[in-house]
Amino acid sequence: MANKDFSNADRVRVLSEALSYIQKFYGKTIVVKYGGSAMTEASLRHGFARDVVLLKAVGMHPLIVHGGGPNISRNLAAAGIESIFVNGLRVTGSDSIEIIKKTLAEINLDISRLIEEHGGQTHNIVADQMITATKLYDGKEMSDTDLGLVGEVATVSPELDKLTHHPTRIPLIAPLGIGSDGQCYNINADWVASSIAAHLATEKLILMTNTAGVLDKQGELITQATESEISKLVAQKTIHSGMLPKVSCALKAIFGGTKAAHIIDGRTPHAVLLELLTDGGVGTLIKH
């Protein structure tokens with residue numbers, strides 16, 4: 001809608017709508033997987049930072065999990081290490097994990113600076129005991145390839161829930177976990193976000209992607225779906241390829257106690273705010 005056509009009545013309606021959602025989600029934890037174009041395009045980066053600062057300011061508790069795939073691939077290549085993927089997971093050797101840790105720490109700090117630039121504060125979590133991990137064994141459903149130091153979330157410390165409810169600081173989490181032997185494991189960022197949402201039984205999980213959301217057979221956006229409807233779409237192979245792991249993470253969170261999961265288009269400016277504070281949203285809402 002062009003600005004000249006945006007009447008005072010429209011403005012009042014939009015503000016009233018946003019206020020109702022702010023009241024609804026006041027004091028609630030929102031887990032956001034931050035990635036894709038929203039992490040690389042300058043205007044989207046600044047918009048995201050402003051949005052999460054606003055959410056914190058109005059009494060919600062955003063918790064951010066970020067990825068770093070392109071940066072990791074670039075830094076591994078600079079060190080002469082080839083990036084090999086099996087079913088979307090990066091094979092991680094002992095020669096790679098330190099580079100991955102360093103890269104994710106740099107990204108974590110960069111996002112933190114951006115949030116601080118817009119008036120927020122963060123609690124940076126890169127490789128500590130907040131998330132414990134076990135080695136991921138690919139098994140029958142994966143392949144015969146040993147993925148190396150690729151892990152899956154074993155536990156999430158209850159301390160993370162306390163940090164999330166800090167009055168000003170926003171937890172900013174890199175997708176790493178520590179094993180019982182002290183070994184650091186590389187974990188898929190969507191899995192980390194989903195696992196945190198499930199372990200803490202949060203209000204919402206938001207997965208930012210470079211697609212519109214879940215599409216039907218005609219390629220049209222499905223704005224809302226229940227977990228059973230999503231399962232049917234998977235069985236019918238309407239949901240396939242890269243969207244499969246996204247919906248798998250969404251369902252895992254819901255089964256674990258998260259009230260709703262959103263798969264949203266991170267290419268849309270202010271996507272997180274639009275999904276949370278408007279009726280229409282910008283992606284697919286998945287709920288019980």
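Remember, it's a predicted structure, so these values are computed and weren't measured experimentally.
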Do the non-hydrogen side-chain atoms of [X] and [Y] ever get within less than 4.5 Å of each other?
| X | Y | answer |
| --- | --- | --- |
| T134 | E152 | yes |
| L172 | I125 | no |
| L200 | V31 | no |
| I30 | I206 | yes |

- [ ] Look at the rings of F48 and Y34 and say which category their plane angle falls in: under 30° parallel, 30 to 60° tilted, over 60° perpendicular.
- [x] parallel
Check ion pair [X]-[Y] (N to O, under 4.0 angstrom):
| X | Y | result |
| --- | --- | --- |
| E98 | K101 | yes |
| K56 | D51 | no |
| K135 | D181 | no |

Just wondering, more than 12 heavy atoms not from [X] lying within 6.0 Å of its [atom1]?
| X | atom1 | result |
| --- | --- | --- |
| Y26 | OH | no |
| K252 | NZ | yes |
| K217 | NZ | yes |

Task: Shared hydrophobic cluster for V52 and L114 (ILVMFWY, side-chain gaps under 4.5 Å) - done: no
Open item on the list: Assigning hydrophobic clusters by single linkage (Ile, Leu, Val, Met, Phe, Trp, Tyr; side-chain heavy-atom cutoff under 4.5 Å), is L276 placed with Y21?
Closed with: yes
Do [X] and [Y] have side-chain atoms, one donor and one acceptor, less than 3.5 Å apart?
| X | Y | value |
| --- | --- | --- |
| T103 | N75 | yes |
| T168 | Q121 | yes |
| T164 | T29 | no |
| R90 | S96 | no |
| H262 | K204 | yes |
| S112 | T122 | yes |

- [ ] Can you sort out the partners of I254 under side chain to side chain contact (heavy atoms under 4.5 Å, CB included), two or more places apart, ordered by chain and number?
- [x]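 In terms of side chain to side chain contact (heavy atoms under 4.5 Å, CB included), with neighbours along the sequence ignored, I254 is linked to E227, A261, I286, H288.
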Open item on the list: Please report the interatomic distance CD1(I99) to CG(N71), rounded to the nearest 0.5 Å.
Closed with: 13.0 Å
Open item on the list: Centroid separation under 6.0 Å, is that true for the rings of H166 and H123?
Closed with: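 No, too far apart.
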